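Accompanying notes for the structure given below.
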Amino acid sequence: MVSERLIPMADAPPAHPVVTRFAPSPTGYLHIGGARTALFNWLYARGRGGRFLLRIEDTDRERSTPEATAAILHGLTWLGLDWDGEAVSQFARKNRHAEVAHEMLARKAAYKCFSTKEEIDGQKKAASEDGFAPFRSPWRDIDPSDYPDRPFVIRMKAPREGRTVVKDAVQGDVTIRNSDLDDMIVLRSDGTPVYMLAVVVDDHDMGVTHVIRGDDHLTNAARQQMVYDAMGWTVPVWAHIPLIHGPDGKKLSKRHGAVGLGDYQAMGYPAAGMRNYLTRLGWSHGDEEIFTSAQAMAWFDLSGIGRAPARLDFKKLENVCGRHMAMAEDAALLQELQAYLAAAGQPALSADQAGALHRALYCLKDRAKTFPELIEMAHFVLSARPIVPDDASAGALDTVSRGILHSLTPQLQSASWTREALEVILSAAAAANGLGFGKIAAPLRAALAGRTVTPSVYDMMLVIGRDETVARLRDAAD
RNA sequence: GGCCCGUUCGUCUAUCGGUUAGGACACCAGGUUUUCAACCUGGGAAGAGGGGUUCGACUCCCCUACGGGCUGCCA
């Protein structure tokens, strides 16, 4: 007897689909911390069949630039984060923000304040020496019929008694005394909306259910909640995540070097590794360290987010990236490498080079952590004869070893071109000369690649083929 | 200054009152080896400090120290 209510609900659509958003200001590059915030939002939504939206907070007309917007979009795309629908311009919605401000006025949840900057500063100084006291507008309870004909701002009529509790999924319940907060401005004297109003209106209108953002907004959440309350809107789930710090524990700044996501792309880190590392920075799922995005989506949850700021660790980043590179599919890896070359402004691969590299990837990808390393390791397959040995490898080509290379060519001409056959030949050659295999591997490496750091000599021979191998050996032996 | 948040190996973290405080990166030693990467074995390495609560605290409470955030007609 199985009653219907015992049937698992896992496949049922959620009653309230998750909607998250990333809302950067287009005032510069995409900060690595912002990228992680975007990643968390993306994982949370995608892991729950929800929507992930993008909003460009471009209301600061002085500092916002289209170049910065483009950089953000490119950065997100590179990281592999796709958003639903078109990116929303916050500036384009300014009329709606003003409309809400006036609605608050009509509901008596806001009022016109005619105080000048000088009056405000003067009152704050009088209230406390250092001027940190919250401003108390004298216009808060003035009857609208007594309003003068002067410029004004619209301020929210915030409660002065009691407390506001921000129920945060990461930080827990954060309680703020209302007496510590002033009546924040929602509409400037020029009629433009202020950020604090715009976020709330946009998040509400866009149906955002979960606000995952940096914890520099934690205190703001209390004031924003007052707007939700004033408008009778449902407050979203808050999740304020700690910022990322530099290796020295200080707030990440340009002084630390790479702070923009683009810097990491330029350094040649694979996006999958970047995603994994950033996901793991400040979030955990038991002891899981290396995982795919599909796994991350399945596992990601708000309760796994830590409360302390995390520091960037390049060594670990490299390790994670190396493991992802080794896991990657050859075709996808080749494509990403080509994209890297294009982004780095380096010459594109020829069709022949791309084909040869594709065939060589199996013995290259588990030896590299970044694309520059992969390319260096692939020197033997990307270069054409004559192979010019670099200084380090040239040392292996002395008279004796050149003689050995020379003596090898006839045997290789007639060998069956398999790893087993090659092993037999090269081992025998080493033994015949009273040498360990390592001693003849060095000149072979020099002849085949012109480098000291390469894949296995067998792999190189198999990849470039018999004719090319013999030719390179002859080049080096002569 | 006020308010708010945070603090476990060098780093990222596990632990959600009872563990020899676990894992990963990094580091050191050894092994394997064809250079590099990888891999195997072993090692050192942590609860900021001080008070409570409790039979028992990394875990709960308070204080201090340190770090961070907010306190804008910036976002």
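All values reported here derive from a predicted model rather than from experimental measurement. Order of the sequence lines fixes the chain letters, A, B, ..., with proteins taken first and strands second; residue numbering starts at 1 for each chain.
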How would you label the contact of A:Lys124 with the nucleic acid (heavy atoms, under 4.0 Å): base, sugar-phosphate, or nothing?
sugar-phosphate

Scan A:Lys439 against the nucleic acid and name what it touches under 4.0 Å (heavy atoms): base, sugar-phosphate only, or nothing.
nothing

Any N or O donor-acceptor pair under 3.5 Å from the base of B:U71 to the side chain of A:Thr219?
no

CD of A:Glu376 versus P of B:U35: gap in Å, rounded?
18 Å

Counting any heavy atom closer than 4.0 Å, what does A:Ser284 reach on the DNA or RNA strands: base, sugar-phosphate only, or nothing?
sugar-phosphate

Classify the nucleic acid contact of A:Asp130 as base, sugar-phosphate or nothing, counting any heavy atom under 4.0 Å across all strands shown.
base

Let's test this: given Watson-Crick or G-U wobble pairing with both distances under 3.5 Å, identify the partner of B:C66.
B:G6

For B:G47, which nucleotide in any strand shown is its Watson-Crick or wobble partner with both distances under 3.5 Å?
none

A:Trp283 CH2 - B:C12 P separation (whole Å):
17 Å

Report which part of the nucleic acid A:Arg311 touches: base, sugar-phosphate, or nothing (heavy-atom distance under 4.0 Å, all strands).
sugar-phosphate

So, for A:Ala133 and A:Lys124, which heavy atoms are closest and what is the spacing to 0.1 Å?
O-CE, 3.2 Å

For A:Asp58, is there an ion pair with A:Lys94 - N to carboxylate O distance below 4.0 angstrom?
no

Report the distance from atom CG of A:Asn319 to atom C1' of B:G10, rounded to the nearest whole Å.
16 Å

Strictly under 6.0 Å, is that where the ring centroids of A:Tyr458 and A:Phe437 end up?
yes

Any residue of residues 286-307 of chain A with a heavy atom less than 4.0 Å from an atom of RNA chain B
A:Asp287, A:Glu289, A:Arg307

Determine whether a donor-acceptor pair (one donor, one acceptor, N or O, separation below 3.5 Å) exists between the side chain of A:Arg177 and the base of B:C3.
no

Categorize A:Asp58 for me: base, sugar-phosphate, or nothing, with a 4.0 angstrom heavy-atom threshold over every strand shown.
nothing

For atom CG of A:Leu374 and atom P of B:C36, their distance in whole Å:
18 Å

For nucleotides B:A46 and B:C63, find the distance between their C1' atoms and express it as a whole number of Å.
24 Å

Is a donor-acceptor pair below 3.5 Å formed from side chain A:Arg451 to base B:U35, judging by atom type as modelled?
no

What nucleotide among B:U13, B:G67, B:C4 has an atom nearest to a side-chain atom of A:His245?
B:G67

In whole Å, what separates the C1' atom of B:A65 from that of B:U20?
31 Å

At 4.0 Å (heavy atoms only), tell me whether A:His217 reaches a base, stays on the sugar-phosphate, or touches nothing.
base

Whole-Å distance, A:Leu364 CG to B:U35 P, equals 17 Å

If you look at every strand shown and take non-hydrogen atoms under 4.0 Å, does A:Pro242 touch a base, only sugar-phosphate, or nothing?
nothing

State which of B:C5, B:C70, B:G72 makes the closest approach to the side chain of A:Gln171.
B:C5

Residue A:His358 excluded, over 12 heavy atoms near NE2 under 6.0 Å
yes

Got A:Leu397 and A:Leu405 here, is their nearest side-chain heavy-atom distance under 4.5 Å?
yes

Answer with yes or no whether the side chains of A:Thr279 and A:Asn276 bring together a donor and an acceptor at under 3.5 Å.
no

Indicate, with a heavy-atom threshold strictly under 4.0 Å, whether A:Leu281 touches base, sugar-phosphate, or nothing.
sugar-phosphate

Between A:Glu289 and A:Lys316 (salt bridge meaning N to carboxylate O under 4.0 Å), is one present in this structure?
yes

Give one of base, sugar-phosphate or nothing for A:Val174, where a contact means two heavy atoms less than 4.0 Å apart.
sugar-phosphate

Using a strict threshold of under 4.0 Å (side-chain N to carboxylate O), is an ion pair present between A:Asp205 and A:Arg93?
yes

Verdict with reasoning, A:Glu99 to A:Arg96, per salt bridge (Lys or Arg N to Asp or Glu O under 4.0 Å)
CA-CA 5 Å; A:Glu99 178 187 316; A:Arg96 157 99 259 239; 3.5 Å; yes

Complement of B:U15, any strand, by Watson-Crick or G-U distances under 3.5 angstrom:
none

Pairing check on B:G1: which nucleotide meets the Watson-Crick or G-U wobble criteria with it, both distances under 3.5 Å?
B:U71

Pick base, sugar-phosphate or nothing for A:Thr59, based on heavy-atom distances below 4.0 Å to the nucleic acid.
sugar-phosphate

Separation of A:His285 atom NE2 from B:U15 atom C1', in whole Å?
15 Å

Return the pairing partner of B:U20 with a 3.5 Å limit on both distances, Watson-Crick or G-U wobble; otherwise return none.
none

Touch class at under 4.0 angstrom, heavy-atom based, for A:Thr27 against every strand present
nothing

With a 3.5 Å cut-off and heavy atoms only, can you find an N or O donor on one side and an acceptor on the other between the side chain of A:Arg223 and the base of B:U71?
no

Any donor-acceptor N/O pair under 3.5 Å between B:A24 base and A:Lys316 side chain:
yes

In the structure shown, which nucleotide is the Watson-Crick or G-U wobble counterpart of B:U32, with both distances under 3.5 Å?
none

Between C1' on B:C70 and NE2 on A:His240, what's the gap in Å once rounded to a whole number?
11 Å

Side-chain-base donor-acceptor pair under 3.5 Å for A:Ser189 and B:C73
yes

Sub-6.0 Å ring centroid separation between A:Phe300 and A:Trp283:
yes

How long is the line joining CG of A:Asn276 and C1' of B:C12, in whole Å?
12 Å

Once you apply a heavy-atom cut-off of 4.0 Å, does A:Gly282 come out as touching a base, just sugar-phosphate, or nothing?
sugar-phosphate

